[in-house]
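Contents: one structure, followed by commentary.
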Amino acid sequence: MDLRIGKVSTVNYKTGMVSVIYEEESNAVTAKMPCLSFNGEYKMPKADDYVAVAYLSNGSSIGLILGSFWNETNKPLHSGKDVYFKELSPEAYILFENNILTIKAPNIKVVSETPIEKEVKANE
């Protein structure tokens, strides 16, 4: 397997595929490649994000986008030991830190097939 680092050129949100620029190859742009889905989770990289791309060793020209990674231009908004942070969008995230679960979003809708055991009120 060949692992390469590239920069996202274009994103097709509907198909879950992106093209990548390899700057060391005179900015050559790849064909569209699929992004890894992480068990059905959907979060596409953005244009100009650096991504890791895996190519099969059989010479296939189609790779698989493994995902973006932390670097000098892509730093985590929350970090630390025993911290879980999932950015859903610039306006929404899930954060678990110091035994407190924070869910931030402009609006939150809870759908449940069973009764909710405790009422949750805004600004508590």
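Values below: all heavy atoms of this structure, side chains included; hydrogens, waters and symmetry mates excluded. Note that the structure is a prediction, hence the values are computed from the model and not measured.
The residues Glu41 and Lys86 are annotated as salt-bridged, a charged nitrogen and a carboxylate oxygen being separated by less than 4.0 angstrom. For Lys81 and Glu97, the salt-bridge test fails: no basic side-chain N is under 4.0 Å from an acidic carboxylate O.
The backbone N or O of Val20 lies less than 3.5 Å from a partner atom in the side chain of Thr30, making a donor-acceptor pair. Remark: side-chain polar atoms of Ser112 are not paired, donor with acceptor, to backbone N or O of Pro115 under 3.5 angstrom. Listed for the Asn74 side chain is no donor-acceptor partner under 3.5 Å among the backbone atoms of Asn71.
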Residues Met33, Val53; criterion side-chain contact (heavy atoms from CB on, under 4.5 Å); working and verdict = CA-CA 9 Å; Met33 296 181 280; Val53 183; 3.9 Å; yes
Please step through salt bridge (charged side-chain N to carboxylate O under 4.0 Å, His left out) for the pair Arg4 and Glu24, ending with a clear verdict.
-> CA-CA 11 Å; Arg4 301 192 58 193; Glu24 73 277 6; 2.7 Å; yes
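Of the inter-residue distances, the one linking Met44 atom CE with Ile65 atom CD1 reads 8.5 Å to the nearest 0.5 angstrom. Atom CE of Met1 is separated from atom OH of Tyr55 by 12.5 Å, given to the nearest 0.5 angstrom. Lys7 NZ to Tyr50 OH: the interatomic distance, rounded to the nearest 0.5 Å, is 4.0 Å. Rounded to the nearest 0.5 Å, atoms CD1 (Ile103) and CD1 (Ile108) are 6.0 Å apart. Note that OH of Tyr22 and OG of Ser9 are 11.5 Å apart. Values are rounded to the nearest 0.5 Å.
A donor atom on one side chain and an acceptor atom on the other are found under 3.5 Å apart for Thr10 and Lys32.
Counting heavy atoms from C-beta outward, Leu77 and Phe85 have side chains that approach closer than 4.5 Å. Taking the side chain as every heavy atom from C-beta outward, Asp48 and Val8 never approach each other to under 4.5 Å. Looking only at side-chain heavy atoms (C-beta outward), Asp2 and Ser57 stay at 4.5 Å or farther from each other. Looking only at side-chain heavy atoms (C-beta outward), Leu95 and Leu101 stay at 4.5 Å or farther from each other. Taking 4.5 Å as the limit, some side-chain heavy atom of Tyr42 sits within range of a side-chain heavy atom of Tyr13.
For the pair Cys35 and Val18, the tightest heavy-atom approach, listed with the atom from each and the gap, is SG-CG1, 3.9 Å.
Grouping the Ile, Leu, Val, Met, Phe, Trp and Tyr side chains by contacts below 4.5 angstrom, directly or via other members, places Val111 apart from Leu88.
Tyr84 has its ring centre no less than 6.0 Å from the ring centre of His78.
Leu66 belongs to a hydrophobic cluster whose remaining members, ordered by chain and number, are Leu3, Leu36, Phe38, Leu64; membership requires side-chain heavy atoms of ILVMFWY residues under 4.5 Å apart, directly or through intermediates.
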